[in-house]
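The chains referred to below are lettered A, B, ... by the order of the sequence lines, with proteins before strands, and numbering in each begins at 1. Everything quoted here is computed from the prediction, not taken from an experiment.
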2 protein chains.
Amino acid sequence: MLKLSRLTDYAAVIMAQIARHPDHPHAAAELAGAVNLPYPTVSKTLKMLVKADLLVSQRGAQGGYLLARPASAISASDIISAMEGPVAMTECSHADGDCDLMATCGVADNWQRVSQAIRTFLDGVTLAHLAQTTPIKLPVHLPIQTVTLAAEASR
Amino acid sequence: MLKLSRLTDYAAVIMAQIARHPDHPHAAAELAGAVNLPYPTVSKTLKMLVKADLLVSQRGAQGGYLLARPASAISASDIISAMEGPVAMTECSHADGDCDLMATCGVADNWQRVSQAIRTFLDGVTLAHLAQTTPIKLPVHLPIQTVTLAAEASR
DNA sequence: CGATTGAGGACCATTTTAGTCCTGTATAAA
DNA sequence: TTTATACAGGACTAAAATGGTCCTCAATCG
């Protein structure tokens with residue numbers, strides 16, 4: 001299903017919440033209340049986001065979490081990678097692909113191309129986009145539909 | 001990681017194998033040999049692909065599996081859906097989203113838009129593309145990068 | 001100093017996934 | 001008509017990933 005893990009979902013919601021009020025730190029407990037999720041889970045998510053350098057934390061009273069950089073400089077890929085590791089569709093999508101099916105696979109290169117396209121797309125979607133509270137309903141067909149694979153264009 | 005399940009990977013490899021020799025039925029055992037995977041697993045995968053109407057099967061001696069329609073009419077989405085259910089990034093991406101975080105979520109609409117864009121892209125990638133044996137190396141940046149979200153375009 | 005708040009990691013329960021196997025049924029060829 | 005071939009369907013198990021909770025330690029502010 002290409003599904004994101006639940007924690008990634010939480011991360012997006014939490015990041016968006018912070019992005020909408022970027023001027024002061026947000027404590028984990030406060031965020032948990034705002035997004036209506038259990039505190040320990042929110043806390044765990046926040047820690048992962050800090051480790052990925054998407055948030056910075058401030059300890060002590062009045063402490064909390066802040067965006068590490070502007071929302072427009074944080075991409076969907078960043079958030080997904082922070083929670084699930086690199087965005088890749090197949091096991092052999094990463095550079096040092098040591099898949100023992102290489103010889104008989106025959107689709108590896110093409111999947112990687114598809115994977116790359118999606119990654120590039122997600123790089124272009126920023127937290128600023130995600131955090132917008134007045135979403136415009138999309139038409140069913142996006143301009144993306146007109147994109148062609150290099151392989152296709154060359155036929 | 002937006003990762004496909006391993007069975008989906010297998011499905012793609014198997015489908016591509018059949019697509020390259022579309023004129024006669026391929027037995028599960030033959031395919032298992034060709035792609036170097038255990039027979040039971042290949043068999044299971046093939047059954048799922050039949051149930052999803054991407055393959056048709058022929059029983060009995062000289063039987064096997066054939067594409068249900070031309071490779072150019074089978075999309076990556078079709079294959080992924082067959083193995084993992086509908087392509088959707090979030091739990092609330094499907095129509096009757098009864099996510100109890102609706103009120104506090106704030107990113108649902110935007111994720112759905114992203115999800116839709118990826119789905120549309122995958123609809124456009126066909127088995128014929130995937131099965132090509134002489135892949136053209138993509139430049140790092142695909143045309144897809146120029147695509148804008150409706151939300152972004154409207155700012 | 002003491003209250004607050006994050007850091008880090010251990011831990012367990014649950015779900016999902018992968019993989020195997022068994023029994024039944026359709027079909028083709030001898 | 002018989003027999004071998006090959007798929008259909010589903011039960012079952014083992015392993016792995018995921019989600020979620022909790023505990024102890026460290027930093028910071030007032």
Side-chain angles (χ1 to χ4, degrees), chain A residues 1-14 18 24-33 35-68 80 82-86 88 90-91 99 101, chain B residues 1-14 18 24-68 80 82-85 88 90-91 99 101:
Chain A
M1 323 192 192
L2 284 184
K3 198 175 274 177
L4 301 177
S5 82
R6 211 180 290 195
L7 287 187
T8 306
D9 253 340
Y10 298 164
V13 174
I14 292 168
I18 297 176
H24 58 97
H26 298 267
E30 177 213 320
L31 289 167
V35 302
N36 199 29
L37 287 171
Y39 167 77
T41 301
V42 171
S43 172
K44 179 181 189 173
T45 305
L46 288 165
K47 287 173 201 167
M48 295 176 77
L49 292 168
V50 169
K51 240 191 288 188
D53 290 319
L54 301 187
L55 294 178
V56 291
S57 65
Q58 171 97 23
R59 292 190 184 183
Q62 310 307 316
Y65 296 89
L66 288 164
L67 296 184
I80 296 172
M83 306 305 292
E84 314 187 23
T90 58
E91 312 230 350
C99 169
L101 298 176
Chain B
M1 326 194 191
L2 283 184
K3 199 174 274 178
L4 301 177
S5 83
R6 210 180 291 197
L7 287 186
T8 307
D9 253 339
Y10 300 163
V13 174
I14 293 167
I18 298 175
H24 58 98
H26 298 268
E30 177 213 321
L31 290 167
V35 302
N36 199 31
L37 287 171
Y39 168 78
T41 300
V42 170
S43 172
K44 180 182 188 171
T45 305
L46 287 164
K47 287 173 201 168
M48 295 176 77
L49 291 167
V50 169
K51 241 191 287 187
D53 290 320
L54 301 187
L55 294 177
V56 291
S57 66
Q58 171 96 23
R59 293 190 183 184
Q62 310 307 316
Y65 296 89
L66 289 163
L67 296 185
I80 296 173
M83 305 305 292
E84 316 187 21
T90 59
E91 312 231 349
C99 171
L101 297 176

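Remark: Ala52(A) engages Leu54(A), Ala82(A) in a side chain to side chain contact (heavy atoms under 4.5 Å, CB included) (not counting sequence neighbours). Scanning for side chain to side chain contact (heavy atoms under 4.5 Å, CB included) contacts around Pro40(B) gives Pro38(B), with sequence neighbours left out. Residues passing the side chain to side chain donor-acceptor pair (under 3.5 Å) test with Thr8(A) are Ser5(A), Glu84(A), sequence neighbours excluded. Partners of Ala32(B) according to the side chain to side chain contact (heavy atoms under 4.5 Å, CB included) rule, which considers only residues two or more places apart in sequence or in another chain, are Tyr39(B), Val42(B). By the side chain to side chain contact (heavy atoms under 4.5 Å, CB included) test, Ala12(B) pairs with Trp111(A), sequence neighbours left out. Listed by chain and number, the residues in a side chain to side chain donor-acceptor pair (under 3.5 Å) with Glu30(A) are His26(A) (sequence neighbours excluded).
Helical stems involving DNA chain D, defined as 3 or more consecutive Watson-Crick or G-U pairs under 3.5 Å, span C:1-30 with D:1-30.
Across all strands, Leu46(A) comes closer than 4.0 Å to no nucleic acid atom at all (heavy-atom distances). Among the atoms of the strands shown, none is found under 4.0 Å from any heavy atom of Ala29(A).
Atom pair Lys3(A):NZ and dG19(D):C1' shows a separation of 14 Å (rounding to whole Å applied). Atom CG in Leu37(B) sits roughly 8 Å away from atom P in dG19(C) (whole-Å rounding). A straight line from NE2 of His24(B) to C1' of dA28(C) spans 18 Å, rounded to a whole angstrom. In this structure, CD of Glu84(A) is placed 13 Å from C1' of dG19(D), rounded to the nearest angstrom. In this structure, the CG atom of Leu7(A) is 14 Å from the C1' atom of dT14(C), given to the nearest Å. Atom pair His26(A):NE2 and dG6(C):C1' shows a separation of 16 Å (rounding to whole Å applied).
Look at Thr41(A) and you'll find a side-chain N or O under 4.0 angstrom from OP1 or OP2 of dT21(D). Between Ser57(B) and dA8(D) there is a side-chain polar atom (N or O) within less than 4.0 angstrom of OP1 or OP2.
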Report all interatomic pairs (protein N or O, nucleotide N or O of nucleotides 26-30 of chain D) with separations under 3.5 Å.
{"from": "dA26(D)", "atom 1": "N3", "to": "Arg59(A)", "atom 2": "NH1", "distance (Å)": "3.2"}
{"from": "dA27(D)", "atom 1": "O4'", "to": "Arg59(A)", "atom 2": "NH1", "distance (Å)": "2.7"}
{"from": "dC29(D)", "atom 1": "OP1", "to": "Gln58(A)", "atom 2": "NE2", "distance (Å)": "3.1"}

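When each of Tyr39(B) and Lys44(B) is assigned the nucleotide of DNA chain D bearing its nearest heavy atom, the one mapping closer to the 5' terminus is Tyr39(B).
Not a single donor-acceptor pair, N or O on each side, falls under 3.5 Å between the base of dG6(C) and the side chain of Lys47(A).
For DNA chain C, the neighbouring residues in residues 49-56 of chain A, judged by any heavy atom under 4.0 Å, are Val50(A).
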